[in-house]
Amino acid sequence: MDEAVALVVAAGRGERFGAETPKQYASLAGRAVLRHGLERFIRHPRIGRTQVVIDPGHRAFYDAAVEGLALPEPVAGGPSRQESVRLGLERLTADAPDRVLIHDGARPFVTSDVIERVLDALDESVGAVAALPVADTLKRAAGRRVIETVARDDLWRAQTPQGFRFNEILAAHRGAAGRSLTDDAAVAETAGLTVALVEGGAENIKITTRDDLARAERWLAGAAGETRVGQGFDVHRFGPGDHVMLCGVRITHEAGLTGHSDGDVGLHAATDAILGALGAGDIGEHFPPDDPRWRGADSANFVRYAAELIARRGAMLSHLDVTLVCERPKIGPHREVMVDRLAELLAVSRERVSVKATTTDGLGFTGRREGIAAQAVATLRLAPDDT
Ligand code: MG
């Protein structure tokens with residue numbers, strides 16, 4: 001099997017962090033530190049599965065942190081990081097991958113480039129470690145007194161992910177049981193395996209102290225992700241009925257809108273605009289019209305789903321602008337309620353939502369009052385490392 005698995009180790013108790021919530025579950029820009037890293041592996045096209053190792057005592061923190069993510073049951077870790085990794089590797093033997101990337105749950109900012117470099121290096125080497133050359137001058141000291149300056153020319157700071165061919169690192173970890181080694185590369189080295197260094201990332205920091213967390217918050221706030229714009233368009237024709245659903249609001253009318261779901265053109269156009277900005281296909285792909293589950297469905301579900309995709313990508317909705325095109329019903333009296341409803345469904349403030357309406361001056365199918373059309377434009381800010 002030519003598949004890579006990410007094994008994310010989050011079983012630490014983190015005594016240095018000094019807070020009730022363990023550091024890997026601390027909130028970083030509204031999401032757990034662990035979740036930031038997990039999302040980056042889950043969405044990486046070359047990672048087939050992501051397996052987390054946790055302290056079973058943290059189960060409630062874990063469940064809250066990963067809500068909505070598609071992950072296998074977590075592995076219960078051991079008393080040390082090394083033992084937790086070994087237990088994670090043992091779990092993977094049931095459906096053994098070709099390669100495994102072992103990553104610290106407290107490193108939220110691993111980039112797709114670093115993941116790529118570690119995977120590529122495994123073509124040539126049994127092991128590969130993301131690392132950065134040491135830039136600061138190093139001193140050896142006795143207490144606070146300098147004894148000597150250490151040459152730093154060949155020194156690197158090891159990060160994670162650390163990638164390995166699976167069978168080799170599993171055997172190395174089994175052989176190292178009972179010894180205390182500082183990282184998985186050290187386990188591999190002890191077993192005589194070749195470990196290559198690839199360029200890590202300056203932003204790929206490990207959250208160890210509360211200061212680290214504060215710095216990470218500031219970095220995230222300042223890091224501008226790419227802006228993406230998507231557009232959506234939809235039409236439904238009038239049919240029998242006594243009301244229409246428009247932007248999630250029920251409006252009494254002399255006709256209804258036909259369609260497989262509730263025919264809410266506003267919400268359909270909005271959903272398609274968001275999917276467009278994410279490059280995630282269209283509404284018909286996610287909710288096939290021939291699927292009986294969506295017969296008469298409340299279209300609010302489609303918009304909630306789109307909002308969930310935004311969150312999963314670590315993106316944010318900057319703005320949504322919807323234009324409804326019809327002669328009747330009059331939209332004006334319902335506009336504010338529509339904005340409130342869309343903001344609620346998308347979990348954003350109402351300043352980020354706009355609803356407008358126009359007629360086509362009696363021309364075309366909307367002018368003949370045969371149906372209603374809607375256009376929407378969604379502006380999204382992707383996560384800083386998502387391109
Ligand atoms: Mg539609």
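In each ligand, atom 1 is the first atom listed, and ligand 1 is the first ligand listed.
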Side-chain donor-acceptor contact under 3.5 Å, Thr360 with Thr366:
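Looking only at side-chain atoms, Thr366 and Thr360 do form a donor-acceptor pair, the distance falling under 3.5 Å.
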
Regarding Arg49 and Glu3, does a basic nitrogen lie under 4.0 Å from an acidic carboxylate oxygen?
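The answer is yes: the pair qualifies as a salt bridge.
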
* **Listed once per pair and sorted, the salt bridge (Lys or Arg N to Asp or Glu O under 4.0 Å) pairs that draw on residues 149-166, sequence neighbours left out** =>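 Output for this query is empty, none listed.
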
The residue among Ile283, Leu345, Asp264 that forms side-chain contact (heavy atoms from CB on, under 4.5 Å) with Phe302 is Ile283

Practice task
Identify which protein N/O/S atoms are less than 2.8 Å from the Mg ion (ligand 1).
Solution key: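 Within the sphere that stays under 2.8 Å of the Mg ion (ligand 1), the protein atoms of type N, O or S are Asp234 OD2, His236 NE2, His268 ND1.
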
Test item: Ile205 and Phe109 side chains (from C-beta on) under 4.5 Å apart, heavy atoms
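A side-chain contact under 4.5 Å exists here.
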
Any heavy-atom pair between the side chains of His103 and Asn204 that's under 4.5 Å?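 They are in side-chain contact.
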
